[in-house]
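Below: one structure, written as structure tokens.
A, B, ... follow the sequence lines: proteins, then strands. Residue 1 opens every chain.
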Amino acid sequence: MHNINYIRENPVEFDNFMKTRGENPIANKIIEIDKVKRETQTVLQNLLAERNQISKSIGQLKSQKKDATEEMEKVEDIKNKVNTLKELETLKDDELKSILSRLPNIPDSSTPIGTDESENVFYRDWGDKPSFNFNPKLHFEIGENANSMNFETASKLSGSRFVILKGQLSKLERALANFMIDKHTSVNGYVEMHVPYLVKEGTLYGTGQLPKFADDLFTAGEYHWLIPTAEIPLTALHSNEILNTNQLPIRVTSYTPCFRSEAGAAGKDTRGMLRQHQFTKVELVSLVEPEQSKDELERMLSCAEGILQDLDLHYRVMTLCTGDMGFNANKTYDIEVWLPGEDKYREISSCSNCGDFQARRMNTRYKDNDKNVHIHTLNGSGLAVGRTLIAVLENYQMSDGNVQIPTVLKKYFDNQDTLF
RNA sequence: GGAGAGGUGGCUGAGUGGUCGAAAGCGUCGGAUUGCUAAUCCGAUGUACGAGUCAAUUGUACCGAGAGUUCGAAUCUCUUCCUCUCCUCCA
């Protein structure tokens, strides 16, 4: 959510920012609505002040058993005006909120300007592409050949975009998640949280998924939505709270399933488990003071990268351009892991600084020298477990169809060398 | 799922139509004092929005949320959400 004062004072700049994010100019419209709203408010409040005063004197007159008919007639007149003005104020306020809640965050000055993913900018990379003396297979070929990855049965149970992992692959998924959580909690300073997977509408509004992206989400019953990422419950932990400075920074992590309708992805990545309605992810969330958020984004990125380094998986980091960046973010780094079977880099983590955008929506502040200031929120995948499993399979595959177990995961497999 | 109770400021908790933005206590902050990791005393202490020479100041709203009754609502009515207790069920 945007600061209306900022838009009021910098309408042209605001429109320019919105343009880089694919939005049409709207500042003037916002300011006009805001102006009417405030003018209405002023008149309304004056009338209410008058009413309160007269009402008070009515009380006094009555307690003295005097006649108050005259005063009561005056108030009657005010009442009618008040009702009309109240309606107008509510109308304008709703209009304003409806517009503001659907506008994306303002990009950070270091975010490259561009229209789509082709204009994302290379930031850095790590490691090298592995070489194979055979033709590397795709992850689902490896999984299906080992009889441990089953899409047909999953589809029988739940439809398309689901998978069943069996035996060693199921264990690999669990091992990866454990490894990630262990590292983030013991080395990187995050506190592990176990959180609800179903949340209320207001929670999703606070983090920015609603009202605009309802189609991307699954609902559960009348009042609940399935979380598309643990970012939702973790970021909203302190909604409607005023934190003390000494509570910050808050760094939390959670291993959860994520549920996404993938409404806009029809026909995309249909084969394999790259794009599922349900997948698991270890999420990192930081709540920090505004001055800290830029450093925190770098820190978070490094924490996520550390997992891939430990797994010895080659990747590159891209800075997303304004047109490709998500709704909430002012800056985002994507980590793309190398998948030899696909012969492509694929997103495995996305680390974003949301500035005060979410904090405004969910009203999370902290006391800074007696002033209440919105905190900054950041989130990042550390990492998407399903996609990490894909990366391990494709990068560690051997010519005989077996898969080596990365060194750091061996302890989860009784020190076995290979998966199957 | 059945029955009941309740939602008030950072916390505990009083308040059943006007003098209530709200007692009291605790906590926190500032000050005074006492020769000592504390006690006592005094004072301050919500949020949002509006008006303003955006400073002093000032107005409005907020007692879970929304609607209503009334000249006037924390207090009455309705709706709704949430919490708790007991029973039932259950990992």
Would you list the protein and nucleotides 64-66 of chain B atom pairs, both N or O, that sit under 3.5 Å from each other?
none

Is any side-chain heavy atom of A:F420 closer than 4.5 Å to a side-chain heavy atom of A:S148?
yes
Do A:D334 and A:S350 have a side chain donor and acceptor closer than 3.5 Å?
yes
Distances under 3.5 Å between nitrogen or oxygen atoms of protein and nucleotides 75-78 of chain B:
none

Regarding A:S57 and A:E71, is there a side-chain donor-to-acceptor distance under 3.5 Å anywhere?
no
Near A:Q309 CD, under 6.0 Å, is it more than 12 heavy atoms from other residues, nucleotides or ligands?
yes
A:K137 atom NZ: more than 12 heavy-atom contacts under 6.0 Å
no
What residue among A:L409, A:V392, A:L169 forms side chain to side chain contact (heavy atoms under 4.5 Å, CB included) with A:L419?
A:L169
Within-4.5 Å side-chain heavy-atom neighbours: A:I4 and A:I30
yes
Salt-bridge contact A:E262-A:R275 (side-chain N to carboxylate O under 4.0 Å):
yes
Taken to the nearest whole Å, CG/A:L61 to C1'/B:rC71 is 11 Å
Heavy atoms only: give me the nearest A:I31-A:P11 pair and the separation to one decimal.
CD1-CB, 3.7 Å
Between A:Q358 and A:E231, do the side chains contain a donor N or O and an acceptor N or O under 3.5 Å apart?
yes
When rounded to the nearest Å, what value does the distance between P atoms of B:rG1 and B:rU69 take?
33 Å
What distance, rounded to whole Å, do you find between the two P atoms, one in B:rG17 and one in B:rU77?
12 Å
Between B:rG9 (P) and A:N240 (CG): distance, integer Å:
13 Å
Can you measure A:N244 atom CG to B:rG10 atom P for me and round it to whole angstrom units?
12 Å
How far does the C1' atom of B:rG46 sit from the matching atom of B:rU28, given to the nearest Å?
13 Å
Taking atom C1' in both B:rC20 and B:rU8, compute the distance separating them and give it to the nearest angstrom.
12 Å
Side chains of A:Q247 and A:Y366: is there a donor and an acceptor less than 3.5 Å apart?
no
Pairs touching residues 183-194 of chain A that satisfy salt bridge (Lys or Arg N to Asp or Glu O under 4.0 Å), sequence neighbours left out
A:K183-A:D310
Which of A:L96, A:N5, A:L100 passes side chain to side chain contact (heavy atoms under 4.5 Å, CB included) with A:D34? Answer is A:L96
Sorted by number, residues from residues 197-207 of chain A placing a heavy atom under 4.0 Å from RNA chain B are none
Are the side chain of A:K37 and the backbone of A:D93 linked by a donor-acceptor contact shorter than 3.5 Å?
no
In whole angstroms, the gap separating C1' of B:rG10 from CG of A:L243 amounts to 12 Å
Kindly check if the number of other-residue, nucleotide or ligand heavy atoms within 6.0 Å of NZ (A:K200) is above 12?
no
Ignoring hydrogens and geometry, is there a side-chain-to-backbone donor-acceptor pair from A:H376 to A:N353 under 3.5 Å?
no
Rounding to a whole Å, what distance do you find between A:H224:NE2 and B:rC81:P?
11 Å
NZ/NE/NH1/NH2 to OD/OE distance under 4.0 Å, A:R21 and A:E23
no
For B:rA61 versus B:rA73, give the span between their C1' atoms, rounded off to a whole number of Å.
14 Å
How would you summarise protein contacts on nucleotides 46-60 of chain B per nucleotide, using B for base, S for sugar-phosphate only and - for none, with heavy-atom distances below 4.0 Å?
-SSSBS-------BB
Using the C1' atom as the point on both nucleotides, what is the distance between B:rC63 and B:rU16, in whole Å?
14 Å
Distance between P atoms of B:rU33 and B:rC26 (Å, rounded)
23 Å
C1'-based separation of B:rA14 from B:rU70 [nearest Å]
26 Å
Represent RNA chain B in dot-bracket notation, 5' to 3'. Only Watson-Crick or G-U wobble pairs with both distances under 3.5 Å count; pseudoknot-style crossings use [ ] and interstrand partners use |.
((((((((.[[[..)..(.....]]]((((((.......))))))((((((.....)))))).[[[[[..)....]]]]])))))))....
